[in-house]
Amino acid sequence: MKITKTQIQQALSNITLPNEDQNIVESGAIKNIQIFGDEVELDVEIKNPTLQYKKKVEVECMKAIHDFAYEKAKVKVNLIVNVPEKATQIKGNPILGVKNIIAVSSGKGGVGKSTITANLAVGLAQLGNKVGVIDADIYGPSMPIMFDLEGAVPQGIQVDGKTKMKPLESYGVKVLSIGFFAQAQQAVVWRGPMASKALNQLIWDAHWDELDYLIVDLPPGTGDIHLSLVQSIPLTGAIVVSTPQPIALADARKGVNMFQMESIGK
């Protein structure tokens with residue numbers, strides 16, 4: 001049987017990919033069709049680079065050709081990824097001197113969020129970046145331990161006639177933690193507004209000077225504190241930490257959804 005380009009186009013017109021208004025032919029995603037006997041080779045342009053999406057496009061193309069053109073055709077699909085650029089629109093009030101702010105979050109506690117934060121900060125510093133860390137995990141601040149700063153207390157510094165907190169420095173990283181102001185064995189029991197006020201002081205009443213990266217170690221979960229904090233600062237990106245258990249992953253998805261909210265994300 002001789003396969004024609006028209007047959008292939010008609011077969012592929014039965015495919016409409018997710019989030020597309022037109023079928024794959026009308027949208028212009030099919031860039032090239034080559035036929036060699038019973039072999040069909042396609043060049044398809046897609047906007048989603050994920051492995052799952054690529055596989056879906058490949059399977060849909062092969063199925064359409066087999067169902068509507070020629071059942072025994074040998075189909076090869078070449079995927080061209082072309083992700084459209086989005087205009088950067090970072091929300092929140094900028095922190096003077098800070099270029100990038102990265103939030104590290106987790107859906108539940110005990111998954112290694114603070115360990116990731118500390119190692120990421122030190123790693124970036126070792127690459128020559130100026131890095132700061134805010135330990136915003138008010139219920140279990142662990143940065144004083146991780147940075148060997150237990151018992152240390154930040155001092156005040158005069159900046160433009162105002163008294164600011166001077167972050168402590170360890171392993172080449174500037175650190176501020178609520179743990180510096182609470183005794184080691186003392187439980188921090190605060191309501192939401194009190195916690196938010198304390199965290200705002202760590203952010204806005206500190207003299208960070210010039211930083212390439214400020215990493216914020218958030219408390220576990222997706223509560224009121226998280227929303228007020230991440231909505232007030234211009235996040236460059238977010239990392240959600242999880243372990244592979246189903247319950248942990250379910251909580252992590254909630255965290256991802258939070259950062260994708262219009263009032264927080266780009």
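Note: hydrogens, waters and symmetry copies are ignored here, and every other heavy atom, side chains too, is used.
- Taking CD1 of Ile8 as the start and CD1 of Ile65 as the end, the distance is 4.5 Å to the nearest 0.5 Å.
- Residue Leu176 comes nearest to Ala206 through the heavy atom pair CD1-CB, 3.3 Å, listed as atom of the first residue, atom of the second, then distance.
- Taking both residues in full, the closest heavy atoms of Val133 and Ala121 are given as CG2-CB, 3.5 Å, listed atom of the first, atom of the second, then distance.
- Between Lys54 and Glu58 there is no salt bridge, since none of the side-chain N atoms of the basic residue sits less than 4.0 Å from a carboxylate O of the acidic one.
- A donor and an acceptor atom, one from each side chain of Gln52 and Thr50, are nowhere located under 3.5 Å apart.
- A 6.0 Å sphere centred on NZ of Lys166 holds no more than 12 heavy atoms belonging to other residues, nucleotides or ligands.
- Linking Ile, Leu, Val, Met, Phe, Trp and Tyr whenever their side-chain heavy atoms come within less than 4.5 Å puts Val175 and Trp204 in one cluster.
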Check against side-chain hydrogen bond (donor to acceptor under 3.5 Å, both in side chains), Thr16 and Gln22
CA-CA 6 Å; Thr16 301; Gln22 300 173 305; over 6 Å; no
I would like to know whether Val98 and Ile233 meet side-chain contact (heavy atoms from CB on, under 4.5 Å); could you show each step before the answer?
CA-CA 11 Å; Val98 178; Ile233 55 178; over 6 Å; no
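- We find the CG-NE2 distance between Leu96 and His207 to be 9.0 Å, quoted to the nearest 0.5 Å.
- Ile30 is not connected to Val59 by any chain of hydrophobic side-chain contacts under 4.5 Å among Ile, Leu, Val, Met, Phe, Trp and Tyr, and they are in different clusters.
- No more than 12 heavy atoms of other residues, nucleotides or ligands lie within 6.0 Å of NZ in Lys76, so this atom counts as exposed by the packing criterion.
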Evaluation steps, side-chain contact (heavy atoms from CB on, under 4.5 Å), between Gln9 and Ile33
CA-CA 9 Å; Gln9 289 175 328; Ile33 299 174; 3.7 Å; yes
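- If you chain together hydrophobic residues whose side chains sit under 4.5 Å apart, Ile15 and Phe68 never meet in one group.
- Ion pair Lys99/Asp212 flagged as a salt bridge, since at least one NZ, NE, NH1 or NH2 atom sits closer than 4.0 Å to an Asp/Glu carboxylate oxygen.
- Cluster membership for Ile95 and Val159, using ILVMFWY side-chain heavy atoms within less than 4.5 angstrom, is not shared.
- Residues Ile3 and Ala73 share a closest heavy-atom pair of CD1-CB, 4.1 Å.
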Test side-chain contact (heavy atoms from CB on, under 4.5 Å) on Ile24 and Glu60 and set out the steps.
CA-CA 10 Å; Ile24 200 171; Glu60 290 283 345; over 6 Å; no
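- Shortest non-hydrogen contact noted between Val25 and Ser13 is CG2-N, 3.7 Å.
- The shortest distance between side-chain heavy atoms of Tyr70 and Gln7 does not fall below 4.5 Å.
- Exactly one of Glu45, Glu41, Gln34 qualifies for a side chain to side chain contact (heavy atoms under 4.5 Å, CB included) with Asn78. That residue is Glu41.
- Side-chain atoms of Leu42 and Leu12, non-hydrogen and from C-beta on, do get closer than 4.5 Å to each other.
- Heavy-atom neighbours of Asp21 CG from other residues, nucleotides or ligands within 6.0 Å: at or below the threshold of 12.
- Rounding to the nearest 0.5 Å places CG of Asp209 at 4.5 Å from NZ of Lys174.
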Go through it in stages, so that I can follow the logic: the residues are Tyr213 and Asn100, the test is side-chain contact (heavy atoms from CB on, under 4.5 Å), and I'd like the CA-CA distance, side-chain angles, deciding distance and then a yes or no.
CA-CA 5 Å; Tyr213 295 96; Asn100 299 285; 3.7 Å; yes
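- No side-chain donor-acceptor contact under 3.5 Å links Ser177 to the backbone of Met143.
- Note: Leu79 CG to Ile46 CD1 = 4.5 Å, rounded to the nearest 0.5 Å.
- When hydrophobic clusters are built by joining Ile, Leu, Val, Met, Phe, Trp and Tyr residues whose side-chain heavy atoms come closer than 4.5 Å, directly or via intermediates, Val81 is grouped together with Leu17.
- Here the closest non-hydrogen pair linking Asp135 and Ser142 is OD2-N, 3.1 Å.
- Counting non-hydrogen atoms of other residues, nucleotides and ligands closer than 6.0 Å to CD of Gln158 gives a total above 12.
- With contacts defined as side-chain heavy-atom distances shorter than 4.5 Å, the pair Met165/Leu202 qualifies.
- With Val131 as the fixed residue, the side chain to side chain contact (heavy atoms under 4.5 Å, CB included) test singles out one of Leu214, Leu124, Val122: Leu124.
- Between Thr163 and Gly156, the closest heavy-atom pair is CG2-CA, 4.4 Å.
- Taking CD1 from Ile203 and CD1 from Ile134, the interatomic distance works out to 4.5 Å, rounded to the nearest 0.5 Å.
- With hydrogens and angles disregarded, a donor-acceptor distance shorter than 3.5 Å links the side chain of Lys113 to the backbone of Leu218.
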Do Ser114 and Asp217 pass the side-chain hydrogen bond (donor to acceptor under 3.5 Å, both in side chains) test, and can you show the C-alpha distance, the side-chain angles, and the key distance before you say yes or no?
CA-CA 6 Å; Ser114 296; Asp217 183 24; 2.7 Å; yes
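- Atoms CD1 and CG, from Ile101 and Leu211 in turn, are 9.5 Å apart once rounded to the nearest 0.5 Å.
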